[in-house]
S.K.: 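First the structure, then my questions, so here it is.
Only a predicted model underlies this, so the values are computations on that prediction, with no experimental measurement involved. Protein chains get the first letters and strands the later ones, always in sequence-line order, with residue 1 at the start of each.
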Amino acid sequence: MQANRPRGLSVGMQVSFNPAADVEAAMLQAATAIGLDCARFAPEVRTADPKHGDFQANGVLAFAKREKQNPRALAEKLVAALDAVTRERYDVTIAGPGFINFALKPAALLTWLRAFASRDALKSGAATAYAGKTWVVDYSSPNTAKQMHVGHLRSAVIGEAICRLVAFSGANVIRDNHLGDWGTQFGKLIYGYKRWADPAALEREPIEELERLYKAGNDATPDGSPALDEAREELVKLQSGNPESLALWKTFTEVSQRAFDSIYTRLGIKFDHYLGESFYNDKLDRVYNELTELKIADVSDGALVVFHDEIPRFARNAERPNPFMVRKADGASGYASTDLATALYRSEHFKADGIAIVTDFRQGDHFEQLFLTVKKWFGAKNYHLPELHHVSFGAVTGEDGKALKTRDGGTIKLKSLLDEAEERAYAVVSEKNAELPEAERRAIANIVGVGSVQYADLSQNRSSNYVFSWDKMLSLEGNTAPYLLYAVARIHSIFRKAGVKPGEAETAAASLETPAEISLARKLVKFADAIRLATDTLRPHFLSLYLYELASEYSSFNNADKVLVDDPAIRARRLLLCARTLLVLETGLDLLGLRTLQRM
RNA sequence: GCGAGCGUAGCACAAUGGAUAGUGUAGCGGCCUCCGAAGCCGUCGAUCCGGGUUCGACUCCCGGCGCUCGCACCA
């Protein structure tokens, strides 16, 4: 997946959304001009450390080495062959053994800022990368009849950010909540429900009551007990379509859905589909039949399984065999079979070009086996094979490094976690801005509180575990949601004071002059690169980090250069910088799933 | 036992094989007659250990060590 890679020649045309694309094209053109074999020469243009420039081309070093040429001399020849537009737009220098550095000149920076003046302009710049692609994103996926807890947080937050990023890059995104709505737990739940259901409690706190009934059912059915046989009987009745059982199950699903929706609303999530495991019930036979017919699956100890002999740990002769369990020995389906049916449905029905499944890293083996199996199966049948991504993430831990629990060792419910975030944010807002009316402080606290929880997760590499800390995520300092939201609020404040809207009163802007102005503009131009990196790697933290650095750059600018000065040209160009910073921050935060504020 | 992920300043994090490894916090020192000081500026401080590949390694490979997790009918 190398979307948004520089392609084609755009030299001499309008500046690109991602100027690195222009540099790449110009380098290739220069290489051709001096007779280099472009099949063997890759310019390797990337964003540079600001002290070296905006972009750097590193490809000369590797190429010169391979061709036994002097890299420095080759770099000089290439630079001399660069076209006039590029030379006009960039200060080009050669450094060290043969790095070629490109620094945008202030006039070129201004051109970019004028060209990308709205969210639509940014989107149309970004949207070429995944244009025409359909992506299914499978995230959140809680079990029905249970409350969402802290373990469901990362999938929901990271998954939503990925949906927005991929959509911004031009894909048609299908948000699919693969609910755990079918399985052995429903036998025990129905068993408990029929004996101990409390109608008043079901009315008042339906999910909590279902959890209590499941627990009661589970406690009453220990291994080997006659009660367990009864619970299994309930499961058989449900799976064979008994109307009474199905009606109960349907109620459980609806009650669960309402509870989930209230969480999703707070997190700004709206699914297109809730195709849970139950949806695939009638699609499993085809999986069994085709895998058997193709001899991809074997019967082992009575179960239908797939071994992948090319991967030692999934091979049939492994020390401890770890087969992919398609159908259990008792004939029941497992999650492997529903996941296989799901992959097929997404390929055939949604025509998916990409599938991203957002679950924790512990399921890594499962998805590796799933993807191996899908590739063999689809390959043999000539089915359309989407890109398959397991978007995995680490655990949420307490400050002791262990899984996050309540003080008394219980599971933290997502609802109470979000409540606490809002309460804590309310306390901070009330302290900092006591003069605001209470209703406004509440509204601010909701956005800051939930945003802080989301951002804490999104600001770090999803692969590692993350340490949950209220104090850090709600802090006003450092790479946090409050810091970013504060920067946004301050910019709005300047426009209020100026009496103009963002985007207005900037036509008189002539050229950027001060170091702080230029530094901020250079950061703004790199938005495209941050989007590309975050999207292609499915790692939102690259965008978070960029936004934080942008906000930090803005704060320095805001401190160094007064915006609302009398000189109309200076005022106009600084208002322009404020407007674009605001646009990029608000667009970027929205892509992460955060709401922003005009005042906080 | 086998396997996977992770290991970067006191703490929490970043680094798309590139230049002197960035940032926050904590510590120290500055900046409010000035658009929001919830801010800005300066300073101190780190790649788990040992080999290898490369012009160049936090990054890739091999061997250790540590933490977390997974290993047949739960998802």
S.K.: Which of the following nucleotides, B:C55, B:A72, B:G36, is nearest to the side chain of A:L61?
M.R.: B:C55
S.K.: What does A:K497 touch in the nucleic acid at a heavy-atom separation under 4.0 angstrom: a base, only the sugar-phosphate, or nothing?
M.R.: sugar-phosphate
S.K.: Between A:Y548 and A:Y483, is the ring centroid distance below 6.0 Å?
M.R.: yes
S.K.: Testing the 3.5 Å rule here: is there a donor-acceptor pair between the side chains of A:D339 and A:Y280?
M.R.: no
S.K.: Would one find a side-chain N or O of A:R532 under 4.0 angstrom from OP1 or OP2 of B:U16?
M.R.: no
S.K.: So, OP1 or OP2 of B:C13: does either fall under 4.0 Å of a side-chain N or O from A:Q460?
M.R.: yes
S.K.: If we ignore angles and hydrogens, is there a donor and acceptor under 3.5 Å between the side chains of A:R539 and A:N461?
M.R.: yes
S.K.: Using whole Å, what does the distance between atom P of nucleotide B:C13 and atom CG of A:N479 come to?
M.R.: 12 Å
S.K.: Counting heavy atoms from C-beta on, name the nucleotide in B:A72, B:A14, B:G39 closest to the side chain of A:N559.
M.R.: B:G39
S.K.: OP1 or OP2 of B:C55 sitting under 4.0 Å from any side-chain N/O of A:K65?
M.R.: yes
S.K.: Side chains of A:N479 and A:S459: donor-acceptor distance under 3.5 Å anywhere?
M.R.: no
S.K.: Between atom CZ in A:F495 and atom P in B:G36, what is the gap in whole Å?
M.R.: 13 Å
S.K.: Over all strands shown, is A:N461 touching base, sugar-phosphate only, or nothing at heavy-atom distances under 4.0 angstrom?
M.R.: sugar-phosphate
S.K.: How long is the line joining CD of A:Q56 and C1' of B:G17, in whole Å?
M.R.: 12 Å
S.K.: Look at the side-chain N and O atoms of A:Y546 and state whether any lies under 4.0 Å from the OP1 or OP2 oxygen of B:A15.
M.R.: no
S.K.: Starting at CD1 of A:I494 and ending at C1' of B:C34, how long is that distance when rounded to a whole Å?
M.R.: 12 Å
S.K.: Can you check whether any acceptor in the base of B:A38 is under 3.5 Å from a donor in the side chain of A:S475, or vice versa?
M.R.: no
S.K.: Figure out the CG/C1' separation between A:L550 and B:U23, and round it to whole Å.
M.R.: 15 Å
S.K.: Looking at B:A75, does its base get a donor-acceptor pair with the side chain of A:Y335 below 3.5 Å?
M.R.: yes
S.K.: Indicate whether OP1 or OP2 belonging to B:U16 is found under 4.0 Å from a side-chain N or O atom of A:R539.
M.R.: no
S.K.: Syn if the chi torsion is within 90° of 0, anti otherwise; quick check, which is B:C67?
M.R.: anti
S.K.: May I have the distance from A:F361 (atom CZ) to B:C69 (atom C1'), rounded to whole angstrom?
M.R.: 4 Å
S.K.: Using a cut-off of 4.0 Å on non-hydrogen atoms, how would the nucleic acid contact of A:D301 be classed: base, sugar-phosphate, or nothing?
M.R.: base
S.K.: Using only heavy-atom distances, determine whether the side chains of A:T93 and A:H52 contain a donor-acceptor pair under 3.5 Å.
M.R.: no
S.K.: Without decimals, in angstroms, what is the distance between A:F99 CZ and B:G17 C1'?
M.R.: 11 Å
S.K.: So A:L564, base contact, sugar-phosphate only, or nothing? Heavy-atom distance under 4.0 Å.
M.R.: base
S.K.: Consider the side chain of A:N101, meaning its heavy atoms from C-beta on, and name the nucleotide among B:A19, B:A14, B:G39 that approaches it most closely.
M.R.: B:A19
S.K.: How many Å lie between CD1 on A:I531 and P on B:U16, as a whole number?
M.R.: 18 Å
S.K.: Report which part of the nucleic acid A:V563 touches: base, sugar-phosphate, or nothing (heavy-atom distance under 4.0 Å, all strands).
M.R.: base
S.K.: With distance as the sole criterion, do the side chain of A:T47 and the base of B:U16 form a donor-acceptor contact below 3.5 Å?
M.R.: yes
S.K.: Just call it for A:D561: base, sugar-phosphate, or nothing, with non-hydrogen atoms closer than 4.0 Å on any strand.
M.R.: base
S.K.: Give A:R313 one of three labels, base, sugar-phosphate or nothing, depending on what nucleic acid heavy atoms sit under 4.0 Å from its own.
M.R.: sugar-phosphate
S.K.: Establish, with yes or no, whether the OP1 or OP2 oxygen of B:G18 is under 4.0 angstrom from a side-chain nitrogen or oxygen of A:H52.
M.R.: no
S.K.: Would you mind telling me which of B:C11, B:A19, B:G39 lies closest to the side-chain atoms of A:K472?
M.R.: B:C11
